[in-house]
Amino acid sequence: MAREFQRGHKAKISDLTAGTDLYVGVQIAAPGLTFDISCFGLDANEQLSDDRYFIFFNQPKSPEESIQLLGAQSGDTESFRVTLDRIPAAIQKLSFTATLDGAGQMSQIGPGYIRIVAGGEEVVRYAFTGSEFTTERAVMLGDFYLKDVWRFAAVGQGFDGGLDALLKNFGGEVAEEEAPPAPAAAAPGFAPPAQATAPPAFGAPAAPSAPQAPQPAPSFGAPSAPTPPPAPQQPVHTAPTIAAPLAPQAPQALSPYGQPQQPQFGQVPGQAAPPAAPFGQQAPAPYGQPAPAPYGQQPSGSMTPGAPQGVPQGVPATGAGLQAALQPYKETATGQRWTPQNQQLMRVDLTMGGAGVLARQGSMVMYQGKVDFGYKSAGFVGRAVGNATGQEMQLMRCTGRGQVFLAEEGSHLHPVELQGDGICVSAENVLAFDESLQYEVRRVEGHGIPGGALFTMLFQGTGTVVVKTHGTPVVLPVTPTTFADCNAVVAWSAASQVIVSSQVRLRRNAYPGHSGETVNLQFRGAPGNFIVVQPYEV
């Protein structure tokens, strides 16, 4: 199943697929508009230092053919073949873009997408619509970028100006003759893979012979069945909404809605209107006026004239129903390992990343798929240290293939991703973390507190730790004059120097009572260090 990305979401290619020979499809369309879809191969400075890696309609492949333009197929407006393990080391980023050829703007486009297909299966898709843009004439759709490993990012960033302006932004030069060639001249560059003399070996069909007619699916791993492009959705309410009979009806026709059958009403078929005095109704539209007391409806003025009888007033004209009511609370799937569902609920996808997750015992509220929950023992030494320092964590191990939803007592949850760095968090404020992280108890030196020290948990490595707080926290930069209440501080950067500070003096102890703020933590460190404080004291 393809993972649905939203703008700004990123993931390692290895988390999406084990393959490195990929199909990239782009679907973008608008009535009367023409688009140029290109790929920019950029260096470490995100510049087009080698124009041979600008892949577009007039240059359909890179020198070593690691990037190839394939043309429209399988329902995609344009498609590419990208072989990551053949890309030269000088190319650090591939930016896929779409620009308007002629008049128009990106706000006019219909629903579109950029997707990645590996081995015939779609592994990720980023969908977008024209409502995300305004007057832009170009858009950066998605990027492959090298950061220790190849990764993919859904960009969706509009750009003023057309292809020329986008080329200049990447440091390229616009040639005078750079104009779209005639369709007949460009036809050889857009030949589908099925007509190639030797189909690529990374997912080609088993049949050796190529069909004479162009095939809609790419022969190197795109979906075998063509996927039609999504048609622009028509407005739901294109037909008029009927709120009253089309032909004038006699007032007596409304009696089945619940009007009391009283003798004094005295209507007969064909009668123009009921007597006005007993009911207070106006003759022109008796069926649209407020009903008498037996109906249980509001007095006159609270009902919209012409509205159908029996329909609850105040219900929106569109979007009513059970599905619409539950829509704001649907599951959020971003294609990432850790995804906040709201401020108090965290979702972890165990199918990504490979390693298991350690979570606080009892924090699972629901899960999907085949997930195993096991007890995580701290060992004798771990229990002894935890009891002595107050940093003991009762943990469970979550493994398998599925999604686990975690929460605890309505606390606000914050995923913190570590990339080889470290963070200090009190064990009380840890909800869950990747098993790949290393953690240990760290001692905070100082004086002024019974026992002479405080303790915290140090997390290091590559992975995510989920921190829970009471309310929305604030992050402050560390300066020589940064102090925090030890009962309110949640976390701080591992490189910060922490000193226990006390304002208790002997002379003050001679008097009864004190401010209640006699002990706190002082933080020091180089620029870039931080502390996290919650609006709550434990």
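This structure is a prediction, so every number in the text was calculated from the model and none was measured.
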Query raised in the report: Is there side-chain contact between Glu408 and Leu406, with heavy atoms separated by less than 4.5 Å?
Result: no
Query raised in the report: Under 3.5 Å, is there a donor-acceptor pair between the Ser426 and Glu428 side chains?
Result: no
Requested in this report: Any chance you could lay out the side-chain contact (heavy atoms from CB on, under 4.5 Å) test for Met457 and Val441, step after step, and finish with the verdict?
Outcome: CA-CA 5 Å; Met457 297 297 299; Val441 177; 3.6 Å; yes
Report task. Hey, could you give me the CG/CZ distance between Asp143 and Phe40, rounded to the nearest 0.5 Å? Result -> 11.5 Å
Query raised in the report: Tell me, do Phe523 and Val489 make a side-chain contact under 4.5 Å, heavy atoms counted?
Result: yes
**Report entry** Ile109 vs Phe133 side-chain heavy atoms within contact, under 4.5 Å
**Finding:** yes
Query raised in the report: Is it true that a side-chain atom of Thr469 and a backbone atom of Gly471 form a donor plus acceptor pair closer than 3.5 Å?
Result: yes
Query raised in the report: Is there a donor-acceptor pair closer than 3.5 Å between any side-chain N or O of Glu46 and the backbone N or O of Asp43?
Result: no
Query raised in the report: Quick one: are Leu141 and Val139 in side-chain contact, heavy atoms under 4.5 Å?
Result: yes
Query raised in the report: Can the ring centres of Tyr367 and Phe373 be said to be less than 6.0 Å apart?
Result: yes
Query raised in the report: Is any side-chain heavy atom of Met366 less than 4.5 Å from a side-chain heavy atom of Leu345?
Result: yes
Requested in this report: Test His9 against Arg3 for side-chain contact (heavy atoms from CB on, under 4.5 Å), laying out the working first.
Outcome: CA-CA 11 Å; His9 290 158; Arg3 292 175 185 154; over 6 Å; no
Query raised in the report: Under a 4.5 Å cut-off applied to non-hydrogen side-chain atoms, are Gln460 and Leu437 in contact?
Result: no
Query - Any side-chain heavy-atom pair of Val26 and Thr77 under 4.5 Å - result: no
Requested in this report: Tell me yes or no: between the side chains of Thr134 and Glu136, is some donor less than 3.5 Å from an acceptor?
Outcome: yes
Query raised in the report: Is it the case that more than 12 heavy atoms not belonging to Arg86 sit under 6.0 Å from its CZ atom?
Result: yes
Query raised in the report: How about Phe144 and Phe96: are their ring centroids closer than 6.0 Å?
Result: yes
Query raised in the report: If we ignore angles and hydrogens, is there a donor and acceptor under 3.5 Å between the side chains of Tyr329 and Asn342?
Result: no
Requested in this report: Side-chain contact test, heavy atoms from C-beta onward, threshold under 4.5 Å: evaluate it for Val466 versus Trp338 and give yes or no.
Outcome: yes
Query raised in the report: CZ of Phe459 to SG of Cys424: how many Å apart, nearest 0.5 Å?
Result: 10.0 Å
**Report entry** Worked check of side-chain contact (heavy atoms from CB on, under 4.5 Å) between Tyr23 and Ile116
**Finding:** CA-CA 6 Å; Tyr23 170 95; Ile116 301 175; over 6 Å; no
Query raised in the report: Atom CG in Asn429, atom CG in Leu413: separation rounded to 0.5 Å?
Result: 11.0 Å
Query raised in the report: Stepwise, does the side-chain hydrogen bond (donor to acceptor under 3.5 Å, both in side chains) test hold for Gln419 with Glu417?
Result: CA-CA 7 Å; Gln419 295 288 346; Glu417 183 179 358; 2.5 Å; yes
Query raised in the report: In Å and rounded to the nearest 0.5 Å, what is the CD to CG distance from Gln105 to Leu33?
Result: 9.5 Å
**Report entry** Asp21 and Arg81: CA distance, side-chain angles, deciding distance, side-chain contact (heavy atoms from CB on, under 4.5 Å) verdict
**Finding:** CA-CA 7 Å; Asp21 213 340; Arg81 177 185 178 182; 2.9 Å; yes
Query raised in the report: Picking from Asp434, Thr464, Asp15, what satisfies side chain to side chain donor-acceptor pair (under 3.5 Å) with Arg337?
Result: Asp434
Requested in this report: Could you check Asp349 against Thr351 for side-chain hydrogen bond (donor to acceptor under 3.5 Å, both in side chains), going step by step and ending with a plain yes or no?
Outcome: CA-CA 5 Å; Asp349 190 345; Thr351 62; 2.5 Å; yes
